[in-house]
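None of the values given here were measured: they were computed from a predicted structure. Keep in mind that the numbers below use all heavy atoms, side chains included, and drop hydrogens, waters and symmetry copies.
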Number of protein chains: 2
Amino acid sequence: MREFMAITKALSDPNRVRILLALRRGELCVCQITALFDFAPSTISKHLSILHHARLILSRKSERWVYYRLPEKTAPVAVREALDWVHKSLAKTDETKADANKLKKILNTDLAVICRRQKC
Amino acid sequence: MREFMAITKALSDPNRVRILLALRRGELCVCQITALFDFAPSTISKHLSILHHARLILSRKSERWVYYRLPEKTAPVAVREALDWVHKSLAKTDETKADANKLKKILNTDLAVICRRQKC
DNA sequence: TTGTCATTTCGTCGTTTGACGAAATAACAA
DNA sequence: TTGTTATTTCGTCAAACGACGAAATGACAA
């Protein structure tokens, strides 16, 4: 029950759900996720930590950046089903598409440039 | 997105999740649900209204009681999948079994007696 | 080592949430 | 009608949440 509630609480904030949807196409560094939202880096970091604590995302560190991604098939069943449910329910919404478009532009920009742009 | 968030917010409280699990075996009146928890009737009523607003439960009025139940197959896909996910994830936990046992005793008692017992 | 920079942690602040009891409502019983 | 009773609504309060900026951390670059 505790693990399940960690998932539902993580999903109860729309910005965290948007992060999960943004990660569908592949891993992103914190800089890129921050660029996608109009929030302070510390706010994004907190959201990522809540998602991570619920095991809805995994992280790895490389060079000077931290990358987050959706878990593989090794993830607990409850996690995989939660992610499937999120994607199935929201993949086609306008908001998700808008984020995907904005993300495309971000991915076309050099990482270092994106980070410096937001003074993080 | 708004509808989806109504569901995730409804699921983000453990007592509301317990209510959904308790309804698996069939409809229950507010009195019976209140008897299952150690909360004031007004608290349970609020929880039920949140679940109802998210369309996770349906209600009907009969005689002097209001009954709540899980929705049929007519429910939106997002709702059905959310309920499936909840049940699959938690049906076998100790907490759910304990609630089911307590519920069995409640169902063996006359409705009028249960209600008067809690001064609702 | 020292400085730079991406990220996280911490403390604060305003808002939301979940609990309660009291009062309102709505339906049945007398 | 009047009273009773099941449920909901409302106002209040403490705790949790989501935002922020400032400071801490940790890794690379000079």
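Looking at residues two or more places apart in sequence or on another chain, you find a side-chain hydrogen bond (donor to acceptor under 3.5 Å, both in side chains) between B:T93 and B:T96. Partners of B:K102 by side-chain hydrogen bond (donor to acceptor under 3.5 Å, both in side chains), not counting sequence neighbours: none found. Residues forming a salt bridge (charged side-chain N to carboxylate O under 4.0 Å, His left out) with A:K97 (at least two apart in sequence, or on another chain): none. For B:R69, the side-chain hydrogen bond (donor to acceptor under 3.5 Å, both in side chains) partners are B:E72, not counting sequence neighbours. Scored by the side-chain hydrogen bond (donor to acceptor under 3.5 Å, both in side chains) test, A:D99 finds A:R18 as partners (sequence neighbours excluded).
Neither OP1 nor OP2 of D:dC17 sits under 4.0 Å from any side-chain N or O of A:H47. For A:Y68 and C:dT8, the shortest distance from a side-chain N or O to OP1 or OP2 is below 4.0 Å.
If you measure from atom CZ of A:F37 to atom P of D:dA19, you get 10 Å, rounded to the nearest angstrom. Nucleotide D:dA16 holds its P atom 13 Å from the NZ atom of A:K46, rounded to whole Å. Put simply, CD1 on A:I33 is 15 Å from P on C:dA6, counting in whole angstrom units. As rounded to whole Å, 11 Å separates atom C1' of C:dA19 from atom CD1 of B:I44. Here C:dT9 presents its C1' atom at 16 Å from NE2 of A:H53, a figure rounded to the nearest Å. The separation between A:L48 atom CG and D:dG18 atom C1' is 14 Å, rounded to whole Å. In this structure, A:I57 atom CD1 and C:dT7 atom P are separated by 13 Å, rounded to whole Å. Look at OH on A:Y67: it is 11 Å from C1' on C:dA6, rounded to the nearest Å.
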Between the protein and nucleotides 21-23 of chain D, list the N/O to N/O atom pairs that are separated by less than 3.5 angstrom.
from	atom 1	to	atom 2	distance (Å)
D:dG21	N7	A:S42	OG	3.3
D:dG21	O6	A:S42	OG	3.0

Scan nucleotides 25-30 of chain D against the protein and return all N/O pairs shorter than 3.5 Å with their distances rounded to 0.1 Å.
none

Scan the side chains in residues 38-50 of chain A for donor-acceptor partners under 3.5 Å anywhere in the protein, sequence neighbours excluded, and list what turns up.
from	atom 1	to	atom 2	distance (Å)
A:H47	ND1	A:R16	NH1	3.1
A:S49	OG	A:K46	O	3.4

List the atom pairs, with distances to 0.1 Å, where a side-chain N or O of residues 52-68 of chain A and a protein N or O form a donor-acceptor pair under 3.5 Å, not counting sequence neighbours.
from	atom 1	to	atom 2	distance (Å)
A:R60	NE	A:E27	OE1	3.0
A:R60	NE	A:E27	OE2	3.3
A:R60	NH2	A:E27	OE2	2.5

Could you list the donor-acceptor pairs under 3.5 angstrom formed by side chains in residues 2-10 of chain A, with sequence neighbours left out?
from	atom 1	to	atom 2	distance (Å)
A:T8	OG1	A:M5	O	3.2
A:T8	OG1	B:L11	O	3.1
A:K9	NZ	B:S12	O	3.1

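The shortest distance between side-chain heavy atoms of A:L36 and A:I19 does not fall below 4.5 Å.
When the nucleotides D:dC20, D:dT8, C:dC20 are ranked by their closest atom to the side chain of B:F39, C:dC20 comes out on top. Picking from C:dT7, D:dT7, D:dA19 the nucleotide with the shortest atom distance to the side chain of B:C29 gives D:dT7.
Note on residues 82-93 of chain B: pairs passing salt bridge (Lys or Arg N to Asp or Glu O under 4.0 Å), not counting sequence neighbours, are A:E81-B:K88.
DNA chain D lies under 4.0 Å from no heavy atom of any residue of residues 8-22 of chain B.
Note that the CD1 atom of A:I106 and the CG atom of A:N101 stand 11.0 Å from one another [nearest 0.5 Å]. Distance check: B:L103 CG to B:L28 CG gives 5.5 Å after rounding to the nearest 0.5 Å.
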